[in-house]
Amino acid sequence: MNGGTLPGMDDAHGPADSGPDRVVFHVDMDCFYASCERLREPELRGEPLVVGMGYEPGETAGAVATASYEAREFGVESAMPISEALELLPRRAGAGEGTGCEATDDGKEPGTGGTETGRYRPVDLEFYESVASEVKAVLHDCADVVREVSIDEAYLDVTDRTAWDAVDAGNGSDPDGDDGPAPSTAAGPADARTVAEGYARHVKDRIEREAGVPASVGVAPNMSAAKVASDADKPDGLVVVPPGTVASFLAPLPTAALHGVGPVTERTLADIGIETAGDVAEADAETLVAALGDRGRLLSRRARGEDDREVTPRGLPKSLSRESSLPATADEATKRETVATLAADVARRARDRGCLYRTIGIKAVEPPFDVNTRARSLPGPVDDPSLVESVALDLLDEFADARVRKLGVRVSKLDFAAGDQATLGGFAEEDTDGEPTAGGETDRPDGAPTGTRPKGEERERMTLADWAEADVETGLDDAARHDEESEDERPDGQASLGDWSS
DNA sequence: TCTGGGGTCCTAGGACCC
DNA sequence: TCTGGGGTCCTAGGACCC
């Protein structure tokens with residue numbers, strides 16, 4: 001940072017963040033699923049492509065997971081029903097295609113447009129994961145700290161790998177260089193090329209070369225600005241927001257461009273005359289708090305370019321869930337069967353990941369879109385598929401007469417017991433060693449079998465009934481320990497409020 | 001908009017404890 | 001017994017993100 005800025009050059013954000021300027025990258029893969037499909041099926045390149053799930057030809061269910069930019073040109077959006085999306089796309093002239101994968105249609109005449117043809121491919125997560133792991137390999141190679149946010153997105157702290165120093169390669173970096181290389185894509189003072197920009201380009205190029213898929217990268221002194229920057233010039237973008245320019249970079253953007261502002265918040269802000277990030281930054285913080293609660297304060301800081309969250313690797317998951325849509329039905333057998341299947345699925349995933357859970361819940365969505373959730377906590381953490389099923393079914397009873405269009409099962413209050421860490425990903429085969437676990441016993445009040453997974457040696461073979469009887473003491477100890485753990489993760493109260501971008 | 005699936009975090013009210 | 005304050009845990013719902 002020394003030498004980077006002249007004294008008094010700090011604009012907008014006064015002495016607030018006087019710490020050393022960090023260099024944060026936000027890497028966001030461009031329409032990742034579609035890019036993956038094109039990787040293994042190059043014919044799809046350049047064509048409007050929709051990747052979705054839950055769709056069978058002739059059905060109306062199913063939603064768009066990802067649309068290629070070509071498809072977006074036709075108005076296709078994420079989460080749109082597949083059938084609707086396919087309506088928007090040009091038709092394949094030859095129609096037919098036994099696969100049912102092309103956007104053909106019987107009722108309409110073939111697309112008049114040129115050679116473009118709308119395509120549909122079903123989501124193939126396994127394949128995307130394999131591509132993603134190649135991307136992550138590059139990221140981890142390029143940064144000391146990587147926070148993987150999702151399959152197609154990550155933050156990198158590369159402060160120790162690069163710098164904000166200006167690159168004055170050859171002639172003075174003047175905007176006059178019309179004949180020179182294309183101007184930096186950097187928003188803000190694009191004339192000031194930085195070393196960080198070069199490094200970001202390197203990372204971006206490596207991803208494309210080694211994983212075969214395109215990415216957009218945002219470069220900024222903090223996470224939230226980097227996030228917005230990566231979004232600012234998609235696809236294939238590289239936007240650099242040097243220190244001191246964050247607030248001015250954000251100012252003209254609509255509030256919805258800020259991470260954490262969705263349709264509801266956008267609307268709420270619009271109602272009080274706030275349309276842009278700049279408006280947010282200028283607004284009285286108390287006004288924002290009055291409208292949005294504590295999030296208002298946070299939003300205010302973000303809009304002013306203040307965000308001192310450190311980039312940290314993502315921890316273990318907090319919950320696991322499975323849900324599925326079905327044609328709206330009140331039929332009890334159907335509902336119970338669905339929930340039982342989901343329960344088994346969730347329990348299996350939990351076991352695969354080596355985690356215990358203490359809360360089991362369900363979700364029942366009634367038309368048009370009333371989301372109901374119910375949950376029940378157990379006295380202690382367990383790994384017990386049959387218990388997941390019985391509790392889930394029990395909770396479902398409340399909706400015995402309800403018409404539902406979607407059902408879900410969730411486990412939470414997860415516990416990745418220390419002893420099982422080593423076998424993460426598969427202790428199922430080994431840990432059920434010899435011991436006829438309590439699985440067969442039916443000593444619980446409701447007769448459900450108990451298969452409590454021991455957390456440590458001393459808890460071997462403890463059953464749920466044991467838990468219930470065992471003095472509150474045990475439970476309290478457990479609860480207390482958990483509290484300490486989560487406290488430790490948040491050094492200050494601020495962080496617990498502020499960590500939206502997990 | 002007649003909304004898919006998997007997550008995270010926050011809030012509010014009630015129960016319970018001291 | 002009409003009554004204070006603080007704290008935690010639990011559940012349900014909501015907003016948001018990809």
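Per chain, numbering begins at 1; letters A, B, ... match sequence-line order.
Toward the 5' end of DNA chain B, the nearer of the two residues A:Ala65 and A:Met80, judged by each one's closest nucleotide, is A:Met80.
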In B/S/- notation (B base, S sugar-phosphate only, - none; protein heavy atoms under 4.0 Å), nucleotides 11-18 of chain C written 5' to 3' is SSS-SSSS

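A heavy-atom distance below 4.0 Å to DNA chain C is reached by none of the residues of residues 126-143 of chain A. Of the residues in residues 269-279 of chain A, not one places a heavy atom less than 4.0 Å from an atom of DNA chain C.
Taking atom NZ of A:Lys406 as the reference point, atom P of B:dT3 lies 11 Å away to the nearest angstrom. Atom pair A:Arg405:CZ and B:dC2:P shows a separation of 12 Å (rounding to whole Å applied). What separates CZ of A:Arg322 from P of B:dG6 is a distance of 5 Å, to the nearest Å. Between A:Leu407 atom CG and B:dT3 atom P there is a gap of 16 Å when expressed in whole angstrom units. Nucleotide B:dG6 holds its P atom 8 Å from the CE atom of A:Met53, rounded to whole Å. Rounded to an integer number of Å, the gap from CZ of A:Arg358 to C1' of C:dT8 is 12 Å.
Between the side chain of A:Ser216 and the backbone N or O of A:Asp236, at least one donor-acceptor pair lies under 3.5 Å. Judged by distance alone, the side chain of A:Asp345 and the main-chain N or O of A:Leu342 form no donor-acceptor pair under 3.5 Å.
Side chains of A:Thr312 and A:Glu310: a donor-acceptor N/O pair is absent below 3.5 angstrom, by distance only.
Legend: residues meeting salt bridge (charged side-chain N to carboxylate O under 4.0 Å, His left out) with A:Arg206, ordered by chain and number and at least two apart, are A:Asp141, A:Glu210. Qualifying side chain to side chain donor-acceptor pair (under 3.5 Å) partners for A:Glu41, counting only residues two or more places apart in sequence or in other chains: A:Arg121. In this structure, the side chain to side chain donor-acceptor pair (under 3.5 Å) partners of A:Arg267, at least two apart in sequence or on a different chain, are A:Asp271. Checked against salt bridge (charged side-chain N to carboxylate O under 4.0 Å, His left out), A:Glu208 has no partners two or more places apart in sequence or in another chain. Scanning for salt bridge (charged side-chain N to carboxylate O under 4.0 Å, His left out) contacts around A:Glu286 gives A:Arg297, with sequence neighbours left out. Taking the ring pair (Phe, Tyr, Trp, His ring centres under 6.0 Å) definition, one finds that A:Tyr128 meets it with A:Tyr33, sequence neighbours left out.
If you check every strand for non-hydrogen atoms under 4.0 Å, A:Pro317 touches sugar and phosphate atoms only. In this structure, A:Arg349 reaches the sugar-phosphate backbone alone: every heavy-atom distance under 4.0 Å involves primed, P, OP1 or OP2 atoms, never a base. Residue contacts shown for A:Ser78 are absent, as no nucleic acid heavy atom lies under 4.0 Å away.
Annotation for A:Ser412 and A:Ser319: closest pair CB-CB, 3.9 Å, computed over non-hydrogen atoms.
Looking at the side chain of A:Pro81, the nearest of the listed nucleotides B:dG4, B:dG5, B:dT3 is B:dT3. Listed candidates were B:dG7, B:dT8, B:dG5. Nearest to the side chain of A:Lys318 is B:dT8.
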For residues 72-79 of chain A, which side-chain donor-acceptor pairs fall under 3.5 Å, sequence neighbours excluded?
residue, atom, partner, partner atom, Å
A:Arg72, NE, A:Ala67, O, 2.8
A:Arg72, NH2, A:Ala67, O, 3.0

Throw together a table of side-chain donor-acceptor distances under 3.5 angstrom for residues 371-382 of chain A, partners on residues two or more places apart or in other chains.
residue, atom, partner, partner atom, Å
A:Asn372, ND2, A:Ala364, O, 3.1
A:Asn372, ND2, A:Glu366, OE2, 3.0
A:Asn372, ND2, A:Asp370, O, 3.4
A:Arg374, NE, A:Glu398, OE1, 2.9
A:Arg374, NE, A:Glu398, OE2, 3.1
A:Arg374, NH2, A:Glu398, OE2, 2.8
A:Arg376, NH1, A:Asp394, OD2, 3.0
A:Arg376, NH2, A:Asp394, OD2, 3.0
A:Ser377, OG, A:Thr359, OG1, 2.7

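Both stacking criteria are satisfied for A:Phe369 over the base of B:dT3: a centre-to-centre distance under 5.5 angstrom and an angle between ring planes under 30 degrees.
Ion pairing between a basic and an acidic side chain is recognised when a charged N comes within 4.0 Å of a carboxylate O; A:Arg348 and A:Asp352 show such pairing. Note on A:Arg40 versus A:Asp124: salt bridge recorded, some NZ/NE/NH1/NH2 to OD/OE distance being below 4.0 Å.
Under 4.0 angstrom from either OP1 or OP2 of B:dG7 there lies no side-chain N or O belonging to A:Arg314. Between A:Ser321 and B:dG6 there is no side-chain polar atom (N or O) within less than 4.0 angstrom of OP1 or OP2.
For DNA chain B, each stem of at least three Watson-Crick or G-U pairs (distances under 3.5 Å) is given as range with range: B:5-18 with C:5-18.
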